[in-house]
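Computation of the quantities below employed the complete heavy-atom set of this structure, encompassing side-chain atoms and omitting hydrogens, waters and symmetry-equivalent molecules. Remember, predicted model here, so these are calculated numbers, not experimental data.
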Amino acid sequence: MAGKILVVDDEPEVRQLMEHFLTDRGYEVRIAENGRLALVTLDTFTPDVVLLDMHMPEMDGLETLRRLVVRSPSLPVIMITVNEDIETTARLLQLGAADYVPKPFNLEYLEQAISIQLSATHE
C-alpha cells in the first residue's frame, strides 16, 4: 500500500476523479465532502496525507486546516486552490499547510506533491 489519503472537496466530480486516480496507484483513500465530515472521518481513519480544497460551504478550507493542525500537527495537508497568488499561498503555509496544488490540477503533479509529503513523514 502506497499510503493513506483523505480527500476533502465539495465537488463530487473532483472527489471521484481523485479517488479513482489515487486508488489505481495503490493508495487507500477516504472521501469527505466538507470540513466537518473530514474531522469526523479522522475518528476512524488515520491518513498519511490530507488533500483539502480551499473553497467549500459550511466550513471552508482555512478553518478546516486550522482544526486539522490543532488536532494532528504533524499531519501533512496539501491545499487545493484556484488562488495562486503569493499572499494566499503564504497564508496557507503560515497556517500549517505542507504544500498547495493549483486547481485545475495536473494529476501527475498532485501525485508528486503527495509523494514528497509521504517521503518527508517516513524519514
>> Show the nearest heavy-atom pair for residues Pro76 and Gln117, with the distance to one decimal.
In response: CB-OE1, 3.6 Å
> What distance do His55 atom NE2 and Asp60 atom CG have between them, rounded to the nearest 0.5 Å?
Replying inline: 8.5 Å
> Does Ala38 have any side-chain contact (heavy atoms from CB on, under 4.5 Å) partners at least two apart in sequence or in another chain, and if so, which?
Replying inline: Leu6, Val8, Ala32
>> For a quick test of reading the model, state the closest non-hydrogen atom pair linking Leu42 to Pro47 and the distance between them.
In response: CD2-CD, 3.5 Å
>> So, taking the atom named CD1 in Ile114 and the one named CG in Asp48, what distance separates them when rounded to the nearest 0.5 Å?
In response: 10.5 Å
>> Per the side chain to side chain donor-acceptor pair (under 3.5 Å) rule, what does the pair list look like for residues 7-22, sequence neighbours excluded?
In response: Asp9-Lys103, Glu11-Lys103
> For Val49 and Leu75, which heavy atoms make the closest approach, and how far apart are they?
Replying inline: N-CD1, 4.1 Å
>> For a side chain to side chain contact (heavy atoms under 4.5 Å, CB included) check, start with the C-alpha distance between Tyr100 and Met54, then their side-chain angles and the critical distance, and finish with the verdict.
In response: CA-CA 10 Å; Tyr100 85 99; Met54 177 83 158; over 6 Å; no
> Of all residues at least two apart in sequence or in a different chain, which pass the side-chain contact (heavy atoms from CB on, under 4.5 Å) check with Arg25?
Replying inline: Phe21, Tyr27, Glu108, Glu111
>> For Met79 and Val101: C-alpha separation, side-chain torsions, deciding distance, then whether side chain to side chain contact (heavy atoms under 4.5 Å, CB included) applies.
In response: CA-CA 6 Å; Met79 299 299 295; Val101 174; over 6 Å; no
> Between Met56 and Glu33, which heavy-atom pair has the shortest distance, and what is it?
Replying inline: SD-O, 4.4 Å
>> Tell me the closest heavy-atom pair linking Thr46 and Lys4, and the distance in Å.
In response: O-CD, 3.3 Å
> Taking side chain as C-beta onward, heavy atoms only, is Leu39 less than 4.5 Å from Met59?
Replying inline: yes
> About how many Å separate CG of Leu17 and CG of Leu22, when rounded to the nearest 0.5 Å?
Replying inline: 8.5 Å
> Of all residues at least two apart in sequence or in a different chain, which pass the side chain to side chain donor-acceptor pair (under 3.5 Å) check with Arg67?
Replying inline: Glu63
> Is Leu93 reachable from Leu65 through a run of hydrophobic residues whose side-chain heavy atoms are each under 4.5 Å from the next?
Replying inline: no
> CG/Leu110 to OG/Ser115 distance, rounded to the nearest 0.5 angstrom?
Replying inline: 9.5 Å
> Are Met18 and Tyr109 joined in one hydrophobic group, where the rule is that I, L, V, M, F, W and Y side chains link up if heavy atoms are under 4.5 Å apart?
Replying inline: yes
> Taking all non-hydrogen atoms of both residues, which atom of Asp99 and which atom of Ala113 are closest, and how far apart?
Replying inline: OD2-CB, 3.8 Å
>> Just so I know, are the side chains of Asp53 and Val14 near enough to count as touching, which here means a heavy-atom distance under 4.5 Å?
In response: no
> Among all residues two or more places apart in sequence or in another chain, which pass the side chain to side chain donor-acceptor pair (under 3.5 Å) test with Asn106?
Replying inline: none
>> As an exercise, state the distance from CG of Leu51 to CD1 of Ile80, rounded to the nearest 0.5 Å.
In response: 4.5 Å
> Taking it one step at a time, do Asn34 and Leu37 satisfy side chain to side chain contact (heavy atoms under 4.5 Å, CB included)?
Replying inline: CA-CA 6 Å; Asn34 59 49; Leu37 290 174; 3.4 Å; yes
> salt bridge (charged side-chain N to carboxylate O under 4.0 Å, His left out) with Asp24: which residues, sequence neighbours excluded?
Replying inline: none
>> Taking side chain to side chain donor-acceptor pair (under 3.5 Å) as the definition, give me every residue that meets it alongside Gln112, ordered by chain and number, with sequence neighbours left out.
In response: none
>> Count I, L, V, M, F, W, Y as connected when their side-chain heavy atoms are under 4.5 Å apart, and connections chain through other members. Are Val40 and Phe45 then in the same cluster?
In response: no
>> Distance check, rounded to the nearest 0.5 Å: Leu68 atom CG versus Leu95 atom CG?
In response: 11.5 Å
